[in-house]
Amino acid sequence: MAGSGIDKRGIRKMQRELEKEFAKRPIRIPVEMQTTDLPSIGMGPTNVTNYHGPVFNGDMTGAQVAWGNKTVTQNQQNASSTVTPGYEALAKLVTDLLQQLPQVGLTESELRDAEEAGNEVLLEITGPEAPEPGRLRRALRGLRGILAPIATGVVKGTAAGAEDWAKAGIEALSNITF
């Protein structure tokens with residue numbers, strides 16, 4: 001746009017200067033997780049360093065973000081993900097487990113297997129059809145199987161408090177009835 005009065009060169013210069021300042025003095029924000037009914041894994045507050053990007057705290061459901069793009073095309077489909085009545089406690093438990101699993105000290109493949117099992121449970125109980133008990137039992141068995149070596153202390157290098165956390169998770173998963 002000719003004659004718009006916007007100094008694009010000046011804006012780019014100011015952006016580069018800001019980026020240099022942030023590179024010299026990174027922003028450090030202590031982050032603490034909200035606790036759930038499961039015992040703490042024993043990790044203290046964590047420092048997070050953010051250099052050149054947005055930071056999101058809290059629920060980002062439905063958010064669309066573009067950062068540093070020249071052109072952006074965004075599409076969004078809102079699918080219903082309501083939990084089948086009677087399965088709310090299971091949904092909360094599996095969601096809490098999935099949020100805390102990365103802190104336990106699992107290998108990448110173990111973490112991926114646990115996330116697949118947990119996501120299978122969530123997909124089954126939020127689907128348009130009634131949940132299939134056999135699929136739920138298999139997925140829950142997979143989650144308990146990932147937690148068992150942690151609970152018994154077989155897995156070395158896990159975070160402090162992970163054994164108690166895993167035992168509580170196994171017990172809670174075993175007490176779910178459907």
Side-chain angles (χ1 to χ4, degrees), residues 29 31-46 48 53-67 72-178:
I29 302 171
V31 177
E32 293 184 32
M33 289 187 50
Q34 294 178 345
T35 58
T36 63
D37 295 337
L38 297 172
S40 171
I41 296 178
M43 298 180 72
T46 304
V48 175
V55 175
F56 303 100
N57 295 307
D59 189 11
M60 292 299 300
T61 303
Q64 293 188 8
V65 179
W67 184 263
V72 176
T73 302
Q74 294 182 337
N75 297 306
Q76 185 173 30
Q77 295 178 352
N78 292 325
S80 174
S81 64
T82 38
V83 176
T84 302
Y87 292 86
E88 295 86 354
L90 177 59
K92 177 160 180 22
L93 173 63
V94 171
T95 302
D96 290 346
L97 285 171
L98 288 176
Q99 287 177 346
Q100 294 183 20
L101 271 172
Q103 301 170 34
V104 176
L106 296 172
T107 65
E108 285 185 37
S109 63
E110 291 169 329
L111 184 58
R112 189 173 40 254
D113 291 345
E115 287 173 345
E116 286 175 9
N119 287 331
E120 187 176 335
V121 170
L122 295 174
L123 284 172
E124 189 67 27
I125 62 178
T126 59
E129 299 174 12
E132 184 183 320
R135 291 184 80 175
L136 280 176
R137 278 193 294 276
R138 282 188 295 278
L140 291 172
R141 201 172 313 133
L143 269 176
R144 287 191 303 263
I146 295 289
L147 295 175
I150 300 165
T152 58
V154 172
V155 176
K156 299 298 177 204
T158 56
E163 286 182 31
D164 292 336
W165 174 83
K167 287 176 187 174
I170 290 171
E171 183 177 341
L173 288 170
S174 298
N175 290 334
I176 294 288
T177 56
F178 44 89

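For T152, the side chain to side chain contact (heavy atoms under 4.5 Å, CB included) partners at least two apart in sequence or on another chain are V154. In this structure, the side chain to side chain contact (heavy atoms under 4.5 Å, CB included) partners of I176, at least two apart in sequence or on a different chain, are L90, L93, F178.
No side-chain heavy atom of L122 sits under 4.5 Å from any side-chain heavy atom of Y87. Considering only heavy atoms from C-beta on, L147 comes within 4.5 Å of L101 through its side chain. Side-chain contact between V94 and I125 is absent, with no heavy-atom pair separated by less than 4.5 Å.
For the residue pair I146 and A114, the shortest heavy atom distance occurs at CG2-CB, 3.8 Å. Here the shortest heavy-atom pairing between E163 and G153 reads OE2-CA, 3.6 Å. Residue P131 comes nearest to L136 through the heavy atom pair CB-CD1, 3.8 Å, listed as atom of the first residue, atom of the second, then distance. Closest approach of A117 to G142, counting heavy atoms only: CB-C, 4.3 Å. Here the closest non-hydrogen pair linking A91 and T95 is O-OG1, 2.7 Å. Nearest heavy-atom pair, I150 versus A166, reported as atom, atom and distance to 0.1 Å: CG2-CB, 3.7 Å.
For residues 110-124, the salt bridge (charged side-chain N to carboxylate O under 4.0 Å, His left out) pairs, not counting sequence neighbours, are E124-R135.
Atom CG of L143 and atom CG of L98 lie 6.5 Å apart (nearest 0.5 Å).
Between the side chain of E88 and the backbone N or O of G86 there is at least one donor-acceptor pair closer than 3.5 Å.
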